[in-house]
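Input: a single structure, listed below in structure tokens.
Throughout, a chain's letter reflects where its sequence line sits, starting with A, and its residues are numbered from 1.
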Amino acid sequence: MTTETVAREAGRDFIRDIVQADLDSGQHKTIVTRFPPEPNGYLHIGHAKSIALNFGIAEEFSGRCHLRFDDTNPTREEQEYIDSIQADVRWLGFDWGNNLFFASDYFERLYEWAEGLILNGLAYVDDQSQDEIRASRGTLTEPGQNSPFRDRSVEENLDLFRRMKAGEFPNGARVLRAKIDMSAGNINLRDPVLYRILHAHHPRTGDTWSIYPSYDYAHGQSDAIEGITHSICTLEFEDHRPLYDWFLDKLPVPSHPHQYEFARLNLTYTLLSKRVLTRLVQDGHVSGWDDPRMPTIAGLKRRGVPPAAIREFVRRIGVAKANSVVDVGMLEFCIREELNRTAPRRMAVLRPLKVVIENYPERQSEEIEAINHPDDPAAGTRKIAFGRELFVEQDDFMENPPKKFFRLSPGSEVRLRYAYFIKCREAVKNAAGEVVELRCTYDPATRGGNAPDGRKVKATLHWLPAAQSKVAEIRVYNQLFASPSPDAGNFAADLNPQSLEVLKDARVEPSLAESNFDTAVQFERQGYFVRDPDSTADGLVFNRTIGLRDSFAKEVAKG
RNA sequence: UGGGGAAUGGUGUAACGGUAGCACAACAGACUCUGACUCUGUUUGUCUUGGUUCGAAUCCAGGUUCCCCAGCCA
């Protein structure tokens, strides 16, 4: 195998190309990446893209990936998020080994380096108010004005900065700023703030500090301390890169990492901004951060989405610099693909319709054998009770069926999966004219599902015995938003009123009540489901992860 | 002429001067004890105008459109 043939492989992207080139040129021997969340919220599927990128690169190139919490703003951060983020990354299937770090671990060193900047005349304490700083920063098209405090002496700056650290001043009284260029076209270079006074309790450093470094000042230096080689972030940080490099050039850092940017994930029918997700939870549009309709990792998990499906999804969508919106259908495909391969099959009747087999003896019962996975004989079989009274799906009966409806209707014959052919004789209605029961006959010769005379049926229905099935609540989830591109500014207007449908008296196979049954299952002809944590010993609850593809429904919809 | 980025089928992405490929979606068909899965086939694309070249998605020049930046958020 020559180097040339190795050069281009499927699944590559511009960042992996850079990494490969750096390895080839000897620029780096070991690749070190990092995933650097701020612990101020729950992770979502957009983070999964970044996680898979950073951990994936480390794994593919035999390097390592750090999990580093960018905990530089104690007013927004909580231990709850530090814990949930670690749980989510692990659940996704990634491992940082011993490489768990916190930017707050570096507060002391960052502070010393800041004094160094002051000593070299590269930073100053500014007494202006926040409004004054904003006003003198200029605009996108006009340069800013120098602060009247910009030329303080080194001694005065040092004294003031030390007193800031000592907690002598109230929040907002002063900031430490880098002395760069107030007329720079790049606004990030117009004397950015390095430290602000924040009398706040930090989840890790407690009340030790009353000043905290800004993202710009902390991030690159943290990368350098950890020996990160490729600091990968999203596009909006592109114009922070000159500042990232400025600090690394001016400070006595142990290494000089390089920052690379890629486009963040956008999905149709989905909003991923923290502001919107927070309001969805706070305003009660969803039940919490782990509501199965949420695009959070916790929500996806509760929904029943397997981590392998998420990994496959982010692998398929690739990594590039162009802003894009991925069709949520791509995610759904990956979920179905994984679940079809792995989920055992069971039968469940979501909206039961009673069926009485008139020619089946009263009080008789027999066991029918059903296979657990059509493509995996090793998954084995199970027994299902069959008797005179059964349930089938309401949708599987139509009194006046249209042309292409193959299921039950008066006079039609269908197969009950694994069991018998049955023929509908009569539909019994209630006073309101609704069909409440089907009177049918079965053909005893068709046991097992095939007719000795070779006659065929056009439909096979799932079913459950009336007596030996369990009642369950089934939560059928659909898109949270009705619009393919919901408006983040007025998201409430784009909410899908049918995002959740609760079916209180569905029926499932008794085996699903077993306490150890927590894996995803396919309810045949319906979709993929997973038991919800709300389940109790006598109150089963299932979430629908996703329905099966339904070409019949599509045809009906087309008319 | 504020600075920084990006434009390839409906969608995402590849092609690094040499046959525009893959996947999702859509459509048609085959198969089927899940109207699922699987299989087969079809449709659809290089933002634009010039230039360089035997040859341009790729290089050059101009234009157009879209995204990001004026937090003591990250």
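We find the CG-CD1 distance between Asp223(A) and Ile228(A) to be 5.5 Å, quoted to the nearest 0.5 Å. Atom CD1 of Ile187(A) sits about 9.5 Å away from atom CE of Met182(A), to the nearest 0.5 Å.
Arg525(A) has its side chain within reach of Leu461(A): a pair of non-hydrogen atoms, C-beta onward, lies under 4.5 Å apart. Residues Arg544(A) and Val530(A) have side chains not in contact (no heavy-atom distance under 4.5 Å, counting atoms from C-beta outward).
A salt bridge is defined here as a Lys NZ or Arg NE, NH1 or NH2 lying under 4.0 Å from an Asp or Glu carboxylate O, and Arg341(A) with Glu337(A) fails to meet this definition.
Summarising the geometry, the separation between CD on Glu312(A) and P on C24(B) is reported as 10 Å, rounded to the nearest angstrom. The CD atom of Gln259(A) sits 15 Å away from the P atom of G4(B) (whole-angstrom rounding). Computed from coordinates, the Arg346(A) CZ to U34(B) C1' distance equals 15 Å when rounded to whole Å.
Taking the ring centre of Phe391(A) as origin, the terminal cationic atom of Arg507(A) falls outside the region bounded by 6.0 Å and 45° from the ring axis.
Nearest to the side-chain atoms of Phe406(A) among the listed nucleotides C72(B), A26(B), G35(B) stands G35(B). Comparing C73(B), G35(B), C72(B) by their closest approach to the side chain of Val175(A) singles out C72(B). Checking A74(B), G35(B), C68(B) against every side-chain atom of Asp239(A), the shortest atom distance belongs to C68(B).
Here G71(B) is in the syn range [glycosidic angle within 90° of 0].
Under the 6.0 Å cut-off for aromatic ring centres, Tyr420(A) and Tyr442(A) qualify, their centroids lying closer than that. In this structure, the ring of Phe542(A) has its center less than 6.0 angstrom from the ring center of Phe523(A). Proximity of the aromatic rings of Phe149(A) and Tyr124(A) is defined here by a centroid distance below 6.0 angstrom, and this criterion is not met.
Among the heavy atoms of the strands, none lies under 4.0 Å from Val457(A). Residue contacts shown for Leu548(A) include a base, since a base heavy atom lies under 4.0 Å away. Using a 4.0 Å heavy-atom distance criterion, Phe237(A) is classed as a base contact. Base contact: Arg415(A) has a heavy atom under 4.0 Å from a base atom. Within the nucleic acid shown, His462(A) has no heavy atom closer than 4.0 Å to any nucleic acid atom. When heavy atoms are screened at a 4.0 angstrom cut-off, Phe333(A) is found touching the sugar-phosphate backbone but no base atom. Counting non-hydrogen atoms under 4.0 angstrom, Ile133(A) reaches a base of the nucleic acid.
Donor-acceptor pairing under 3.5 Å, judged by distance alone, is present between the side chain of Arg407(A) and the base of G35(B). If you check distances only, the side chain of Asn186(A) never reaches the base of C69(B) with a donor-acceptor pair under 3.5 Å. Counting atom types as modelled, Gln522(A) pairs a side-chain N or O with a base atom of U34(B) as donor and acceptor under 3.5 Å. Interface remark: the Arg345(A) side chain does form a donor-acceptor pair with the U34(B) base, using a distance-only criterion of under 3.5 Å.
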Between protein and nucleotides 63-67 of chain B, what N or O pairs are separated by less than 3.5 Å?
residue	atom	partner	partner atom	Å
C67(B)	O2'	Asn323(A)	ND2	3.2

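Stacking here means ring centres nearer than 5.5 Å and ring planes tilted less than 30 degrees, and by that measure Phe552(A) stacks onto G35(B).
Nucleotides of RNA chain B nearest to Asp131(A) and Met330(A) differ in position, and the one nearer the 5' end is that of Met330(A).
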## Note on the structure
For RNA chain B, the dot-bracket notation using Watson-Crick and G-U wobble pairs below 3.5 Å, [ ] for pseudoknot-type crossings and | for other-strand pairs, is .((((((..((((....[..)))).(((((.......)))))....(((((..]....))))))))))).....
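Within residues 134-143 of chain A, the residues having any heavy atom under 4.0 Å from RNA chain B are, by residue number, Arg134(A), Arg137(A), Gly138(A), Thr139(A), Leu140(A), Thr141(A).
C67(B) and C47(B): their C1' atoms are spaced 15 Å apart (whole Å).
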